[in-house]
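Below, each value reflects all heavy atoms present in this structure, side chains not excepted, and no hydrogens, waters or symmetry copies. A, B, ... follow the sequence lines: proteins, then strands. Residue 1 opens every chain.
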Protein chains: 2
Amino acid sequence: MTTITARERLINAAIEAFAEKGFAGTTTRDIASRAGMSPAAVYVHHDSKESLLFTVSLNGHRSALEVITSAAASSSEPVQRLRAMVYDFSLWHADHSRVGRIVQYEYHALTDEHRAEVATYRRSIEKAMQDALADGVDQGALDVDDVPGTAFSLLSLGVDLVRWFEPGGSRSGHELASLHADLAVRMTRPT
Amino acid sequence: MTTITARERLINAAIEAFAEKGFAGTTTRDIASRAGMSPAAVYVHHDSKESLLFTVSLNGHRSALEVITSAAASSSEPVQRLRAMVYDFSLWHADHSRVGRIVQYEYHALTDEHRAEVATYRRSIEKAMQDALADGVDQGALDVDDVPGTAFSLLSLGVDLVRWFEPGGSRSGHELASLHADLAVRMTRPT
DNA sequence: TACCGCCCTAAGCGCTTGCTTAGCATGCAA
DNA sequence: TTGCATGCTAAGCAAGCGCTTAGGGCGGTA
């Protein structure tokens with residue numbers, strides 16, 4: 001059986017609140033009441049509002065990196081691998097649009113130290129996509145003029161989902177992930 | 001000669017502040033001091049903090065719509081027109097990354113009435129891109145499976161620039177706009 | 001000199017903020 | 001029964017918030 005600790009309940013409450021109102025627009029009282037606790041309870045389990053943000057952001061970055069890394073390892077055939085990476089990365093952003101919104105839009109609200117720590121994950125994500133494109137070009141399976149720029153653009157498609165995606169909307173996460181994967185193949189298809 | 005009124009100075013200060021710290025994270029005292037005025041001066045020229053945001057957001061939406069509309073009118077040849085639209089839209093987001101950030105990320109901070117007003121501009125922008133793709137398909141010059149989805153994805157490339165673009169960075173707005181235009185052509189190229 | 005209209009500010013009001021402090025209830029060990 | 005650790009809260013502090021009020025300074029007209 002899974003027990004949710006008070007600490008985790010507060011983290012889940014913070015995810016809801018930060019995604020809905022932004023970090024600066026969220027009060028610690030709001031987080032506490034979403035978790036069904038008193039305002040002081042936040043500080044029993046967490047150091048500060050910013051450390052709650054860091055926890056959410058760090059977990060989110062780790063999760064996103066893991067998704068794209070395991071997609072990269074799923075195949076050695078360049079087109080199939082690219083498909084899997086774009087599909088899974090976009091699907092992650094649809095399935096975790098609230099965490100994703102915090103990861104992307106509250107990045108600047110982290111302290112300098114915390115932002116630096118999280119930045120290493122971002123670079124790893126970019127590198128994974130660049131490596132997949134470069135390898136595909138080397139193997140002659142993909143045609144890409146600007147590897148870093150194309151890699152960044154492919155990630156942008158997924159990241160931008162968090163700006164507007166809502167579960168239950170007119171398009172499912174799977175549909176959007178398929179669309180992005182198709183576009184990725186078109187973008188890198190040899191003539 | 002161009003005179004900048006106190007009202008405009010406050011708007012420019014608000015653009016700086018909102019883009020840097022977000023709407024909720026910005027104080028009216030910060031806006032006033034950036035404009036070299038006292039805190040009370042904000043309310044001499046503007047009704048509220050939110051009405052300042054609305055002014056910035058509305059101007060930004062109008063400007064972006066104008067850019068993509070005139071690009072759409074620049075050519076009747078589908079590939080050239082698509083290139084122009086993607087290029088200009090992305091370049092606008094690079095050149096106006098601070099206003100663009102406010103337009104995109106503070107959309108939810110508007111009042112319901114103001115958000116509804118601004119939403120009409122967003123729909124017009126999406127429609128312009130969809131129409132350009134649909135017309136290109138009709139003329140047989142473009143191959144697009146999912147017109148609304150592809151249109152949205154092309155706009156995403158430009159919009160996502162505001163998340164990270166800084167003038168003086170490693171890539172210029174023109175370089176990024178060229179990249180996006182190239183990718184757009186690849187995405188819609190017939191086999 | 002007297003007056004007006006325009007811009008702007010000093011001061012502050014009522015409220016909310018992140019966070020702290022002091023202490024209470026519960027359960028377990030001896 | 002006593003002692004103590006654990007997990008929480010009531011109350012509140014200093015600071016900062018959006019916004020208002022009352023009035024000062026100044027250029028132009030007469």
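- Every residue two or more places apart in sequence or in another chain that forms a side-chain contact (heavy atoms from CB on, under 4.5 Å) with A:R163 is listed here: A:Y105, A:D160, B:Q104, B:Y105, B:R122, B:F152, B:S156, B:V159.
- When every heavy atom of B:H180 is checked against every heavy atom of B:L157, the shortest pair comes out as CE1-O, 3.2 Å.
- Atom pair B:D47:CG and D:dT20:C1' shows a separation of 14 Å (rounding to whole Å applied).
- In this structure, B:K21 and B:D30 have side chains that are in contact, with non-hydrogen atoms separated by less than 4.5 Å.
- With rounding to whole Å, A:L52 atom CG is found 10 Å from C:dC19 atom P.
- Look at CZ on A:R7: it is 17 Å from P on D:dT6, rounded to the nearest Å.
- Computed from C1' positions of five pairs at each end, the angle between the two local axes of the helix from C:dT1-D:dA30 to C:dA30-D:dT1 equals 20°, rounded to 10 degrees.
- Residue A:R101 is tested with A:E106, A:E20, A:E166 for a salt bridge (charged side-chain N to carboxylate O under 4.0 Å, His left out); the sole match is A:E166.
- Other residues, nucleotides and ligands contribute more than 12 heavy atoms inside 6.0 Å of the CD atom of B:E175.
- Residues A:F89 and A:G158 share a closest heavy-atom pair of CD2-CA, 4.4 Å.
- Here the closest heavy-atom approach between residue B:Q130 and residue B:V147 is recorded as O-CG1, 3.7 Å.
- Between C:dC19 and A:Y43, a contact under 4.0 Å exists linking OP1 or OP2 to a side-chain N or O.
- Judged as a side-chain hydrogen bond (donor to acceptor under 3.5 Å, both in side chains), the pairs with a partner in residues 144-155 of chain A (not counting sequence neighbours) are, in order, A:D146-B:R171.
- Summarising the geometry, the separation between CG on B:L53 and C1' on D:dG18 is reported as 15 Å, rounded to the nearest angstrom.
- A donor-acceptor pair is defined here as one N or O able to donate and one able to accept, closer than 3.5 Å; no such pair exists between the side chain of B:H46 and the backbone of B:V42.
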Hey, what are the protein-to-nucleotides 8-17 of chain D N/O distances that come in under 3.5 Å?
{"from": "D:dC8", "atom 1": "OP2", "to": "A:H45", "atom 2": "NE2", "distance (Å)": "2.5"}
{"from": "D:dT9", "atom 1": "OP1", "to": "A:S38", "atom 2": "N", "distance (Å)": "3.4"}
{"from": "D:dT9", "atom 1": "OP2", "to": "A:S38", "atom 2": "N", "distance (Å)": "3.0"}
{"from": "D:dT9", "atom 1": "OP2", "to": "A:S38", "atom 2": "OG", "distance (Å)": "2.9"}
{"from": "D:dT9", "atom 1": "O5'", "to": "A:S38", "atom 2": "OG", "distance (Å)": "3.4"}
{"from": "D:dG12", "atom 1": "O6", "to": "A:R29", "atom 2": "NH2", "distance (Å)": "3.4"}

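- Contacts between residues 11-22 of chain B and DNA chain D, defined by a heavy-atom separation under 4.0 Å, are absent.
- Here the shortest heavy-atom pairing between B:V99 and B:V56 reads CG1-O, 4.4 Å.
- For residues 78-92 of chain B, the salt bridge (Lys or Arg N to Asp or Glu O under 4.0 Å) pairs, not counting sequence neighbours, are B:R81-B:D135, B:R83-B:D182.
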